[in-house]
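Residue numbers run from 1 in the order of the sequence given. Just follow the structure's listing: the first ligand is 1, and inside any ligand the first atom is 1.
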Amino acid sequence: TTLTASIAGFDFDNVLLNAAGVYCQTASELDQILEASGAGSLVTKSATPAERDGNAGIRFAEMPLGSINSMGLPNLGLDYYLDYTITHQDEKPLFLSIAGLTKADNLAMLRDVQASDFNGLVELNLSCPNVPGKPQTAYDFDTTREILTEVFSFYTKPLGVKLPPYFDIAHFDMIAEILNDFPLAFVNTINSIGNGLVVDPETDTVVIAPKGGFGGLGGEIVKPTALANVRALRQRLRPEIKIIGTGGVTNGRDVYDHILCGADLVSVGTSLYFEGPAIFERLNNELIAVMAEKGYNHLEEFRGQLQTLA
Ligand SMILES: CC(C)(C)CCc1c(C(=O)O)[nH]c(=O)[nH]c1=O
């Protein structure tokens, strides 16, 4: 059984990696993913130009069927993650995530990466906020087109975007129409489901401190939304634009489902947070077991082959 995939000429000997933000803040965490059996790659915590502490107080919580977070982009700064990925990029193809809080920050960071010795893949996090009072960038279609136009006016290395979930068929059409106009290597869908709210039954309070308790949802609870976004974008995007499926992966069947919906790679967030890097070997073994049940030896035999009902 082979579990290979390729994006922008990079060959992955495994389809699994961490989701940006999880287990990827420090070199120590990143090393654990790099060395984990069953992980084909890694992505760094979304970087800003300078180091950030992120939000104060409890900013991550477990809940039934998943997690809620409002971290606030804590990270060690772009140079830290550039240094790490340049040092290790000959061992596996690596993803460097960036999330500027302004368009200017995103463009400045991409100019730095363009000029650097990093030759891996960049994941531009479009869930980053835009102008306060306006929706996040990826929910502002004109702004999304504008930033990608400026990015591709100078950036020539492999680049993809991390997208929040969409919930309206017209929005799938609109974002795909924009993305198809750019030489993207991939899209990673989904980011957490934004602005959920969880109540602690003991205290009748929210469970995280920032933003009055509003935060991004991850884990089992987001799987149907994640699969819908993978499927919808696979059906709409040019085949050259590959898909990283993220959201709701807890077992090998979930990995299989993301691939069945069209994913080339599959990333794991909430479950990795709770189980640690050993999860990758478990997920791969379970994926192989599901494939064996179905008589598949290669991912190409079923990738994107979800059938509809008559
Ligand atoms: C939500 C932002 C802070 C704008 C970006 C970073 C981010 C965070 C975060 O750092 O709070 N959490 C997520 O679940 N997804 C993200 O993309």
Q) Looking just at side-chain N and O atoms, do Glu51 and Tyr80 make a donor-acceptor pair shorter than 3.5 Å? A) no
Q) If two hydrophobic side chains count as joined below 4.5 Å and joins carry through other members, does Val199 share a cluster with Ile68? A) no
Q.
Less than 3.5 Å apart, any donor N or O on the side chain of Asn55 or Lys211 sitting next to an acceptor on the other?
A. no
Q.
Tell me whether Lys45 reaches ligand 1 (any heavy atom closer than 4.0 angstrom to a ligand atom).
A. yes
(Q) Looking only at protein heavy atoms, which one is nearest to atom 6 (C) of ligand 1, and what is the separation? (A) Leu73 CG, 3.8 Å
Q: Ignoring hydrogens and angles, state whether a donor on the side chain of Asn191 or Ser127 is under 3.5 Å from an acceptor on the partner side chain.
A: yes
Q.
Within the 4.0 Å heavy-atom shell around Asn69, which atoms of ligand 1 are there?
A. 8 (C), 9 (C), 11 (O), 12 (N), 13 (C), 14 (O)
Q.
Counting only nitrogen or oxygen atoms and a 3.5 angstrom limit, does Asn191 reach ligand 1?
A. yes
**Q.** N or O contact, Asn125 vs ligand 1, cut-off under 3.5 Å
**A.** yes
Q. Does an N or O from Met71, backbone or side chain, lie closer than 3.5 Å to an N or O of ligand 1?
A. yes
Q) Are a donor atom and an acceptor atom from the side chains of Glu123 and Asn188 found within less than 3.5 Å of each other? A) yes
Q) Regarding Ser46 and Asn125, is there a side-chain donor-to-acceptor distance under 3.5 Å anywhere? A) yes
Q) Would you say Gly72 touches ligand 1, if touching means a heavy atom closer than 4.0 Å? A) yes
Q. Is a donor on one side and an acceptor on the other found under 3.5 Å between the side chain of Asp257 and the backbone of Val255?
A. no
Q.
Taking only non-hydrogen atoms of Ser192, do any sit less than 4.0 angstrom from ligand 1?
A. yes
Q: Tell me, please: is Cys128 in heavy-atom contact with ligand 1, that is, under 4.0 Å?
A: yes
Q. Would you say atom 9 (C) of ligand 1 has a protein heavy atom nearer than 4.0 Å?
A. yes
Q | ligand 1 atoms in contact with Ser127 (distance to a heavy atom under 4.0 Å) | A | 4 (C)
Q. Is the gap between the ring centers of Tyr84 and His88 under 6.0 Å?
A. yes
Q. Do the ring centers of Phe186 and Phe10 come within less than 6.0 Å of each other?
A. no
(Q) What protein heavy atom lies closest to atom 4 (C) of ligand 1? Include the residue and the distance to one decimal. (A) Pro129 CD, 3.4 Å
Q. Does Ser46 reach ligand 1, in the sense of a heavy atom lying below 4.0 Å from it?
A. no
